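Heavy-atom basis, side chains included; hydrogens, waters and symmetry copies ignored. Bear in mind the structure is a predicted one, so any value in this text is a computation, not a measurement. So you know, we letter chains A, B, ... as the sequences are listed, proteins then strands, and number each from 1.
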Amino acid sequence: MDVRDSLIDSVRAVLTRLGVTPDPGVVQVERPSNPDHGDWSTNAALATAKAAGRNPRELATALAGALTTEPPPHVTAVEVAGPGFVNFRLAHTWLHDLLADVVTAGVDGWGRFTTGHDQPIIVEFVSANPTGPLHAGHGRGACFGDSVARLLERCGHPVSREFYVNDRGAQMRLFADSLAALAAGADAPEAGYHGAYVADWATEMPSGADPVEWGRERALADQRAVLESLGIGFDAWFSERSMVESGAVEDTLADLQWAGATYEDDGALWLRSSDHGDDKDRVLVKSDGEYTYLLPDVAYHRDKFARAPRLVNVWGADHHGYVARVHAAMAALGHQPADLEVAITQMVGLRRAGEEVRLSKRTGEMIELREVVAEVGADAARFTYLLQSVDSSQVFDLDLVASQINENPVFYVQYAHARIHSIVSRAAEVGIERVPLAAADISLLVHHRELALLRTLHELPDIVRWACRERAPHQVTTWVRELAALFHGFYHDCRVIGEGIDDALTQARLWLVEATRIGLAVALDLLGVGAPTEMWRQEEDDR
RNA sequence: GCCCCCGUAGCUCAGCCCGGAUAGAGCAGUGGCCUUCUAAUCCACCGGUCGCAGGUUCAAAUCCUGCCGGGGGCACCA
């Protein structure tokens, strides 16, 4: 049993005996940030005193007294502090037990949960129009969506990653017209696409090709390639056009009409989205008979709900206003809007040579995602996109992220992993073989660096669960930076192999290093970032 | 005008779910550590009215209200 749970159980049992019955969840046991406050601490007395009509400090004293008489596992001392905290001091054995748990679970099992209960989830992300390359802004949604999917998988959900392809309608037509015009030596239409890539692609297009078909494939191939370079793949590229062809769009419309959720006005067909929380009603079929973007998208969500009970969409901040109408449409179709979760990623700005780079489709002045990956590398790109909460807008500094200097956190973390491999290689070189865990004396690990590593490794399962629930991969990034920092400190102060290092200590440390490797590997995998076994700094140019 | 996100150290950001005991990290700045498993490392110092004002509470960066900044959105575009 996890230490925290055993402490909570003990505290609850004692409180009950003292005549205080705590509500479920009110007894919290946490690791204080200040080591003076013990290894673990509970605010149980503070949290329950009021309801029980007792003085917190007095209740805490009674609690501590009882826990001292019958200490929970590993506990060596119980103290009352401050307004009524009860602090526990534990023998290092709790951390030594933890090490065994980590290495037994391994990369596959440590921080893995079955809490998802095999409930399928469809994560839709990127879903850019097939009218051009992905730009730097798409990178954030792509890395975020994929990492959220990885977190969900680790928590026991079967996940389908999906990309909605908006391959028909006005934008698609404009794109095809632009390609055709340029291929014919003319100018792209005023309202068409003017990026440099359009001209390039137009020269590639074989004469006689259908610009819609060819353009769609060209754009998709381009998008797919850059996503693959980031290690991001999709289970489905869901075509809007296919739903028109299959009749799914018409079926959806019929369902909405059947539900009484539509009406005609000004020659258009409207959705009564304001009945379900939207600001106003929205057009489904324009007066010219053409569908709006909304209707096929509703059809797509209807299809997704037929395949999974829970949906996660990752949308850019510029689509925020669209959330209410899709939720309304789902409600009209009889679904729980809350089962369609929309994660909004705030904007990404680029900086290069210290200058802010504007991302503008208008002027065609945009930095493609491909350029970002080429300049900084896939690992650095992913790590950087996942460095902070997607609730905050981000400035992506290309020069900084491309640099192999210590300001760049991705190398710092990867280097920790590489160093571990280097220790393992060293052990092999000098003929040291790691003995089985049961044969190693883990109790030799008492250095504060060693203990700090173990304490932090203990947090990973909580981090994974929390990051998954909150759809917040940056929590993993924050945690892994911390673990890497602790490892570098350990590496500096605690030699694993060498003169004067006792064989038994070497063995214990080899196991600690293995546990750390597991933590780094799990976290980096959740982020989709590689865990290199060696890294060599590029030599500076001469002169 | 309405809706959403953000406002924490010089800079970039964690922490806010679920209120607690001196508010954390990286970078920048200053000063230290390499004959030993890769110094892309490590250590110390410096640095903060947690946007502002109220409220709730024994206790507020954290919860509530209002305001002020910054960003995004409010189409028969997508």
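With C1' as the reference atom, A9(B) and A14(B) are 13 Å apart, rounded to whole Å. Only the C1' atoms considered, G26(B) is 16 Å distant from G48(B), to the nearest whole Å. The P atoms of C42(B) and A23(B) are separated by 24 Å, rounded to the nearest whole Å. Taking atom C1' in both A28(B) and C46(B), one finds a spacing of 12 Å when rounded to whole Å. Only the P atoms considered, C16(B) is 14 Å distant from C64(B), to the nearest whole Å. Rounded to whole Å, the C1' atom of G19(B) lies 6 Å from the corresponding atom of U62(B). The C1' atoms of C58(B) and G10(B) are separated by 37 Å, rounded to the nearest whole Å. Taking atom C1' in both C13(B) and G55(B), the straight-line distance is 30 Å, to the nearest Å.
Between Ser392(A) and A14(B) there is a side-chain N or O to OP1 or OP2 distance below 4.0 Å. Arg419(A) has a side-chain polar atom (N or O) that falls below the 4.0 Å cut-off from OP1 or OP2 of A39(B). Residue Arg31(A) places none of its side-chain N or O atoms closer than 4.0 Å to OP1 or OP2 of A21(B).
Between the side chain of Asn87(A) and the base of A21(B), a donor-acceptor pair under 3.5 Å is found. Interface remark: the Ser41(A) side chain does form a donor-acceptor pair with the A21(B) base, using a distance-only criterion of under 3.5 Å.
One interatomic measurement links the two molecules: CD1 of Ile463(A) to P of G15(B), which rounds to 10 Å at whole-angstrom precision. In this structure, the CG atom of Leu486(A) is 13 Å from the C1' atom of G24(B), given to the nearest Å. The distance from atom NE2 of His276(A) to atom P of C3(B) is 21 Å, rounded to the nearest whole Å. Atoms CD (Gln388(A)) and P (A25(B)) sit 19 Å apart, rounded to a whole Å. The distance from atom CG of Asn408(A) to atom P of C11(B) is 21 Å, rounded to the nearest whole Å.
The aromatic rings of Tyr322(A) and His319(A) stand perpendicular to each other, their planes meeting at an angle above 60°, with 30° marking the opposite boundary. Taking the six-membered ring for Trp and thresholds of 30 and 60 degrees, Tyr263(A) and Trp270(A) have nearly parallel ring planes, at less than 30 degrees apart. Using the six-membered ring where Trp is involved, Tyr300(A) and Tyr164(A) have ring planes that are parallel, under 30° apart on the 30 and 60° scheme.
Comparing C42(B), U36(B), G20(B) by their closest approach to the side chain of Arg495(A) singles out U36(B). Of the candidate nucleotides C42(B), G15(B), G26(B), G26(B) has the atom nearest to the side chain of Arg481(A). The side chain of Asn43(A) lies closest to G20(B) when the candidates are C37(B), C42(B), G20(B). Nearest nucleotide to the Phe411(A) side chain, out of A40(B), U41(B), U36(B): A40(B). When the nucleotides G15(B), C42(B), U36(B) are ranked by their closest atom to the side chain of Tyr412(A), C42(B) comes out on top.
As judged by a 4.0 angstrom heavy-atom cut-off over every strand, Gln475(A) is placed among residues touching the sugar-phosphate backbone only. Residue His37(A) is in base contact, counting any heavy-atom pair closer than 4.0 Å across all strands shown. Counting any heavy atom pair closer than 4.0 Å across all strands shown, Ala418(A) reaches a base atom. Note on Glu499(A): nothing from the nucleic acid sits closer than 4.0 angstrom, heavy atoms only.
Projected onto RNA chain B by closest heavy-atom contact, Leu46(A) and Arg168(A) fall at different nucleotides, the more 5' of which corresponds to Leu46(A). Nearest-nucleotide mapping onto RNA chain B: of Tyr291(A) and Tyr415(A), the residue sitting toward the 5' end is Tyr415(A).
Of the possible donor and acceptor atoms, one in the side chain of Ser147(A) sits under 3.5 Å from a partner among the backbone N and O of Leu526(A). The closest donor-acceptor contact from the side chain of His327(A) to the backbone of Pro337(A) lies under 3.5 Å. No donor-acceptor pair under 3.5 Å is formed between the side chain of Gln28(A) and the backbone N or O of Ala44(A). No donor-acceptor pair under 3.5 Å is formed between the side chain of Asp39(A) and the backbone N or O of Arg89(A). Here the side chain of Gln414(A) pairs no donor or acceptor atom with the backbone of Thr533(A) at under 3.5 angstrom. A donor-acceptor distance shorter than 3.5 angstrom exists from the side chain of Arg57(A) to the backbone of Gly82(A), with no hydrogens or angles considered. The closest donor-acceptor contact from the side chain of Asp167(A) to the backbone of Arg241(A) lies under 3.5 Å.
Scanning for side-chain hydrogen bond (donor to acceptor under 3.5 Å, both in side chains) contacts around Arg282(A) gives Asp278(A), with sequence neighbours left out.
With a cut-off of 3.5 Å on both pairing distances, the Watson-Crick or G-U wobble partner of G1(B) is C74(B). Applying the Watson-Crick and G-U wobble criteria (two distances, each under 3.5 Å), U56(B) pairs with nothing in any strand. Summarising the base pairing, U36(B) is matched to no nucleotide, lacking a Watson-Crick or G-U wobble pair whose two defining distances lie under 3.5 Å. The base-pairing partner of C67(B), taking Watson-Crick or G-U wobble contacts with both distances under 3.5 Å, is G51(B). Using the Watson-Crick or G-U wobble rule with both distances under 3.5 Å, C46(B) pairs with nothing in any strand shown. Both distances falling under 3.5 Å, in either a Watson-Crick or a G-U wobble arrangement, place C27(B) opposite G10(B). With a 3.5 Å ceiling on both atom-pair distances, U62(B) lacks any Watson-Crick or G-U wobble partner. Nucleotide C16(B) is matched to nothing when pairs are restricted to Watson-Crick or G-U wobble geometry with both distances under 3.5 angstrom.
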- With sugar-phosphate taken as primed atoms, P, OP1 and OP2 and all else as base, the protein-contact string of nucleotides 68-76 of chain B at under 4.0 Å (heavy atoms; B, S, -) is ---BBSSSB
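Its glycosidic angle being more than 90° from 0, C6(B) falls on the anti side.
Judged by ring centres under 5.5 Å apart and planes tilted less than 30 degrees, Phe85(A) stacks against the six-membered base ring of A21(B).
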